[in-house]
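Right, one structure below, let's go through it.
Below, chain A is the first sequence line, B the second, and so on; all start at residue 1. Note that the coordinates shown come from a computational prediction; the quantities given were computed from them, not determined experimentally.
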Amino acid sequence: MKYYLEIIQPIIERSLDRLGILYDDLKFEIPSNPDFGDISTNIAFKLSKKLKNPPKLIAEKIVDNLEFDLGLIEKAKIEGAGFINFYLSTEFYIQALKKLLSKGTNIGRFDLGYGKRVNVEYVSVNPTGLLHLGHGRNACIGDTISNLYEWLGYDVTREYYFNNAGNQMTMLANSIYARYMQLYFEKDYPFPEDGYHGEYIIEIAKDLYDHYADKLKDNNDNNLNLIKKFGENWCFNKIKKTLERLRIRQDIYFNEDSLYTDGKIDALLNEFKSRQLSYEKDGAIWLALSQLGLENDRVIVKSSGEPTYRLPDIAYHKDKFERGYDLIIDIFGADHIATIPDVLAAVSALGYDISKVKVLIHQFVTLFEDGQQVKMSKRTGKSYTLDDLLDEVGPDVVRFFLIMRSISTHLEFDLNLAREQSEKNPIYYLQYAHARICSIFENAKSFGIILDDDYDLNLIGTKYEINLIKSLLGFEDAILSATDKSEPHILCDYLKTIAQAFHIFYHNDRIISQNLELAKARLKLIEMTKYILKNGLSILGVSAPEKM
RNA sequence: GCGCCGGUAGCUCAGUUGGAUAGAGCAUCAGCCUUCUAAGCUGAGGGUCACAGGUUCGAAUCCUGUCCGGCGUGCCA
């Protein structure tokens, strides 16, 4: 858009100034229908009420006062009830392509972060099980958001928050112990009622036996603690391996327990108390959220003396603020939504600027196979894990599928489509465009065409070439918009349009031909296309193969 | 009950700071390989944008109400 705006906006503004018209919401858009020109403004509609004139009349006045360079703009025309549509010349697009080319392989990189620090927290699965598709969605969204901020020039910290204490870990230990007993000593040993039924527990029990044989047979605290630690490590190793396969590596693994050992929980409790934000009732400590505009007060320390999850959540966010981040992004699944207002209200009451916190909630993933829903729960036993999926379709397909829908929509994962190694699978459309371009460069080399600084872009001008340039010009907007709206799928959609523009151009205009000068100009065009595809895919964490 | 997210083509989904004839992929039907990768290209059919009101030059988009689906609403995390 900026390539258009830097040309068009001043022209309209000058005309309005000359007419003495005051305006405040001058906006432009690229019409979806190319018959309505290359760029358009609805300013005449906006001014209609204020000036008490029909839009068409205002548009006519504005157009009469336009002064522009006929080299870049062919014409300005009033269409519809008062849209002002600009039709741009080939020259405009060649100039714009030159600007893109000057950025080279850095296309899509920005300098907007000025070293500002962003913390993105994602995955954050407790080490009690394996990752399933919902976690995968969280992971891919978090990683892509992190990539986007990195490309904008921010200093990004990728963080994983976990809790390796409490009931759930005890239950993990008990579950493993029960399987261990059942497998090797006592077939009918009772399995805990709320235990983890997943098949992986059996695997852990087997590994446990390999390490300790019958040494852990006695049901005592010592042994169960050992089993707990063993189970935690086992799960964490698996989780990290799965993430690695997804090309995800996080910088900080933040253990909730450290908040206790570092005294941060106690300090927070004292702070609440001294600010009179907490009180005791029924033997528990309550946080007075109703004083902060929320509906209900909540317990932060149970009468048993144990904290509820809210307390460490608040302490954790406070800690992130104290580490000095300019932006704190949390990626949560829809099931976490309830705690967010509490945490934000509490942190805000402690004096932190919660406009620095961005909470992204993504909806769930359902897995479909042959039109049937596949269960993924770790409680019910049989489950389809993220690892299973990676085994079947590989990281590119997984990452793309989990990112290609808006985060606020329910994601239906079609296993049959993902398995499809054909044109039906949308990811191949993008990768194929990239591979095709690489192959053309190989051919150019064998034809002895050397791509140096001696080329003439003025040879470009077919409608397919222009159309491709138009899509190329949208790359930076797509990145900015995806980041701004926290919607990585915008980038997926964009890359599809650019791959399409390329495929159509490829089909209609031959690149390598007898006309060497033309070939060189076209190679420059597809070189830019290649950089954009590659950079775009790289932000999505998807590979850009040179051959397919 | 209340809160959040969603309801758009047969299916999966874009499009919501209000714009012109509501788009894509898949599926269906019909075409294009002696020339740079056919994992590609071209064309056709397919819609009461859940429903009902309202706001205005103009509504899939904003407001109100209703219906349907998911998630949440703990001294669980």
(message) Give me the distance, rounded to whole Å, that separates A59(B) from U16(B) when you measure between the C1' atoms they each carry.
(response) 10 Å
(message) Measuring only the P atom in each nucleotide, how far is C62(B) from G7(B)? A whole number of Å is fine.
(response) 11 Å
(request) Kindly assign one of parallel, tilted or perpendicular to the pair Tyr506(A) and Phe502(A), based on the angle between their ring planes and the thresholds 30° and 60°. (result) tilted
(request) Answer syn or anti for C4(B), where the cut-off is 90° from 0 on the glycosidic torsion. (result) anti
(request) Determine the Euclidean distance between corresponding P atoms of U48(B) and U73(B); express it in Å to zero decimal places. (result) 38 Å
(message) Does Glu546(A) reach a base, just sugar-phosphate, or nothing at all? Heavy atoms under 4.0 Å.
(response) base
(message) For a quick check of understanding: with a heavy-atom distance under 4.0 Å over all strands, which category does Asn85(A) fall into, base, sugar-phosphate or nothing?
(response) base
(request) Please work out if Lys27(A) contacts a base, only the sugar-phosphate, or nothing of the nucleic acid, heavy-atom cut-off 4.0 Å. (result) nothing
(message) Over all strands shown, is Asp509(A) touching base, sugar-phosphate only, or nothing at heavy-atom distances under 4.0 angstrom?
(response) base
(request) Evaluate whether atom CD of Gln514(A) has more than 12 neighbouring non-hydrogen atoms of other residues, nucleotides or ligands under 6.0 angstrom away. (result) no
(message) Do Lys520(A) and Tyr455(A) form a cation-pi contact, if we require the NZ or CZ to be under 6.0 Å from the six-membered ring centre and within 45 degrees of the ring's axis?
(response) no
(request) Identify, between Ala433(A) and Lys46(A), the residue whose nearest nucleotide on RNA chain B lies closer to the 5' end. (result) Lys46(A)
(request) Under a 3.5 Å limit for both distances, which nucleotide forms a Watson-Crick or G-U wobble pair with G43(B), could you say? (result) C29(B)
(request) Under 4.0 Å between any heavy atoms, over every strand shown, what does Asp282(A) touch: base, sugar-phosphate, or nothing? Just pick one. (result) base
(message) By the 4.0 Å heavy-atom rule, please label Tyr432(A) as base, sugar-phosphate, or nothing.
(response) base
(message) With rounding to the closest Å, how many angstrom separate the P atoms on C4(B) and C63(B)?
(response) 12 Å
(message) Taking only the C1' atom of each, what is the distance from G45(B) to C29(B) in whole angstrom?
(response) 8 Å
(message) For a quick check of understanding: with a heavy-atom distance under 4.0 Å over all strands, which category does Asp493(A) fall into, base, sugar-phosphate or nothing?
(response) sugar-phosphate
(request) Under a 3.5 Å limit for both distances, which nucleotide forms a Watson-Crick or G-U wobble pair with A24(B), could you say? (result) U12(B)
(request) Return the nucleotide paired to G1(B): Watson-Crick means purine N1 to pyrimidine N3 with N6-O4 or O6-N4, wobble means G-U with N1-O2 and O6-N3, both under 3.5 Å. (result) U73(B)
(message) Students often get this wrong, so: under 4.0 angstrom with heavy atoms, is Glu412(A) touching a base, only sugar-phosphate, or nothing?
(response) sugar-phosphate
(message) Would you measure the distance from the C1' atom in G10(B) across to the matching atom in U28(B) and give it in whole Å?
(response) 9 Å
(message) Parallel, tilted or perpendicular: which one describes the rings of Phe413(A) and Phe401(A), with boundaries at 30° and 60°?
(response) tilted
(request) Determine, for Phe86(A) and Lys77(A), whether the Lys NZ or Arg CZ falls below 6.0 Å from the six-membered ring centre while staying within 45 degrees of the axis. (result) no
(message) For a quick check of understanding: with a heavy-atom distance under 4.0 Å over all strands, which category does Ser48(A) fall into, base, sugar-phosphate or nothing?
(response) nothing
(request) Output, in order, the C-alpha distance, side-chain angles, deciding distance and verdict of side chain to side chain contact (heavy atoms under 4.5 Å, CB included) for Leu88(A) and Glu74(A). (result) CA-CA 5 Å; Leu88(A) 302 175; Glu74(A) 275 174 5; over 6 Å; no
(request) Quote, to the nearest angstrom, the C1' distance that separates A9(B) from G23(B). (result) 10 Å
(message) Mind checking if Pro545(A) touches a base, just sugar-phosphate, or nothing, with heavy atoms under 4.0 Å?
(response) nothing
(message) Once you apply a heavy-atom cut-off of 4.0 Å, does Ala338(A) come out as touching a base, just sugar-phosphate, or nothing?
(response) sugar-phosphate
(message) Over 60° means perpendicular and under 30° means parallel, so tell me whether Tyr161(A) and Tyr316(A) are parallel, tilted or perpendicular.
(response) parallel
(message) Going by purine N1 to pyrimidine N3 plus the second Watson-Crick contact, or the G-U wobble pair, all under 3.5 Å, which nucleotide sits opposite A50(B)?
(response) U66(B)
(message) Students often get this wrong, so: under 4.0 angstrom with heavy atoms, is Asn443(A) touching a base, only sugar-phosphate, or nothing?
(response) sugar-phosphate
(request) Answer with base, sugar-phosphate or nothing: what part of the nucleic acid does Ser406(A) contact at a heavy-atom distance below 4.0 Å? (result) sugar-phosphate
(request) Please state the C1' separation for the pair C2(B) and U55(B) - nearest whole angstrom. (result) 28 Å
(request) Identify whether the distance between the nearest side-chain nitrogen and carboxylate oxygen of Glu527(A) and Lys530(A) falls below 4.0 Å. (result) no
(message) Reading RNA chain B from 5' to 3', where do the contacts with chain A start and stop? Cut-off is 4.0 Å to heavy atoms.
(response) C4(B) to A77(B)
(request) Tell me what Thr308(A) touches on the nucleic acid: a base, only sugar-phosphate, or nothing, going by heavy atoms under 4.0 Å. (result) sugar-phosphate
